[in-house]
Amino acid sequence: DWSSDVCSSDLPRIVPDARKITEINYEEMLELASSGSKVMQTRAVEFAQKHDIPFEVRSSFSKKSGTMVKKKVKSLEDMLVSGVATDKNQVRISVTELPDRPGAAAAVFKVMADAGVIVDMIIQNVGRQGLANLSFTVPSEDAFRAEKALKEHFSDGNGGKLGKSTNIVKVSVVGVGMRSHSGVAATFFDALANAGINMLMISTSEIKISVAVEPDSGDEATRVAHQAFGLGK
């Protein structure tokens, strides 16, 4: 599992049987990079994809061959999950007593946009008695700015209250094979449940499933996801 927080010196401790991926496609590299793999900056991958330029990711400390990133990869669909990525740089922000009406959530995220805060995972519960609760995650370095902007927004008489903010870890499984195979979510969630790990939030894309867990469960969640999809084989 070359992509599982690959640049972290903690990788051998977190996933002892991590291994290098020989080749990967642009889409998977983009998802892994944006999910915390720390391998490539997303803009660099986007430019390579736009101009169809294959490139190799190699270690700065070795002359050994690395991982080829390109458009087409052999037997791509046969690999259900290509890698696991962990992002420990996330904070969950909660908004309570938000008016359950059109535009209320949009106003919150406009505040975030105006403050230059990047929002990742989002959850809003079913409204009761005209009110709803909203939770979303932001990078740790944006958390203070996000909270400050929301406090000002709500102090101006806009409905809602700023709730408690907590640190979380986002663990993602990525693989283009998800497009043509069922059961990825079931395998992932079952592995977490068997390890006694509670999921706080869930988000998905066409080739990625991400979950937010408590900080002290992040390493274990990475290990069990790695094992569940046989990435050490």
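Keep in mind that this is a model prediction, so the values were computed, not measured. If you read the sequence from its start, that first residue is 1, and numbering goes on from there.
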Just verifying a value: how many Å separate Asp120 CG and Thr137 OG1, rounded to the nearest 0.5 Å? 4.0 Å
Should the pair Lys110-Asp114 be classified as a salt bridge under the 4.0 Å nitrogen-to-oxygen rule? yes
For the atom pair CZ (Phe189) and CD1 (Ile202), what is the distance rounded to the nearest 0.5 Å? 4.0 Å
Crowded around Ile118 CD1? As in, over 12 foreign heavy atoms under 6.0 Å? no
Should Ser94 and Lys164 count as side-chain neighbours, where that means a heavy-atom distance under 4.5 Å? no
Heavy-atom donor-acceptor pair, Asn194 side chain to Asp190 backbone, under 3.5 Å: yes
Close side-chain approach of Leu200 and Val213, heavy atoms under 4.5 Å: no
Roughly how far, to the nearest 0.5 Å, is the CD atom of Gln124 from the CZ atom of Phe136? 11.5 Å
Between Phe188 and Val171, the two heavy atoms sitting closest are CZ-O, 4.0 Å
Ser155 and Glu152 have their tightest heavy-atom pair at OG-O, 2.8 Å
Could you check whether any side-chain N or O of Asp87 sits under 3.5 Å from a backbone N or O of Lys170, counting only pairs where one atom can act as donor and the other as acceptor? no
Non-hydrogen atoms of Lys208 and Met178 that approach each other most closely: N-SD, 3.7 Å
Is there side-chain contact between Leu131 and Lys161, with heavy atoms separated by less than 4.5 Å? no
Is there a chain of hydrophobic side chains (I, L, V, M, F, W, Y, each step under 4.5 Å between heavy atoms) that links Val108 to Ile123? no
If I take atom CZ from residue Phe154 and atom CD from residue Glu97, how far apart are they, to the nearest 0.5 angstrom? 10.0 Å
Side-chain H-bond candidate by donor/acceptor type, Ser140 with Asn89, under 3.5 Å: yes
Can you tell if the side chain of Leu162 reaches within under 4.5 Å of the side chain of Glu147, non-hydrogen atoms only? yes
Spacing of Gln90 atom CD and Met201 atom CE [to the nearest 0.5 Å]: 9.5 Å
Is it true that atom CZ of Phe109 has more than 12 heavy atoms of other residues, nucleotides or ligands lying nearer than 6.0 Å? yes
Should the pair Asp156-Lys151 be classified as a salt bridge under the 4.0 Å nitrogen-to-oxygen rule? no
Hydrophobic cluster identity match, Leu98 and Met112, side-chain contacts under 4.5 Å: yes
Any side-chain heavy atom of Thr166 within less than 4.5 Å of one from Val91? no
Under a 3.5 Å distance rule, please check whether Arg145 uses its side chain to pair with a backbone N or O of Ala115 as donor and acceptor. yes
Determine, stepwise, if the pair Leu134 / Ile122 fulfils side-chain contact (heavy atoms from CB on, under 4.5 Å). CA-CA 8 Å; Leu134 176 70; Ile122 303 171; 3.9 Å; yes
Shortest non-hydrogen pair, Met121 vs Ala212, comes out as CE-N, 3.9 Å
Can you see which heavy atom on Ala143 is nearest to which on Ile93, and at what distance? O-CD1, 4.3 Å
For residues Phe229 and Thr187, determine if any side-chain heavy atom of one lies less than 4.5 Å from a side-chain heavy atom of the other. yes
Please report the interatomic distance CG(Asn158) to CG(Leu150), rounded to the nearest 0.5 Å. 10.5 Å
For Pro99 and Gly160 the tightest heavy-atom approach is CD-N, 4.0 Å
Within the 4.5 Å heavy-atom criterion, are Arg223 and Asp219 side-chain neighbours or not? yes
Can you check whether Ile168 reaches Glu214 side chain to side chain, under 4.5 Å on heavy atoms? no
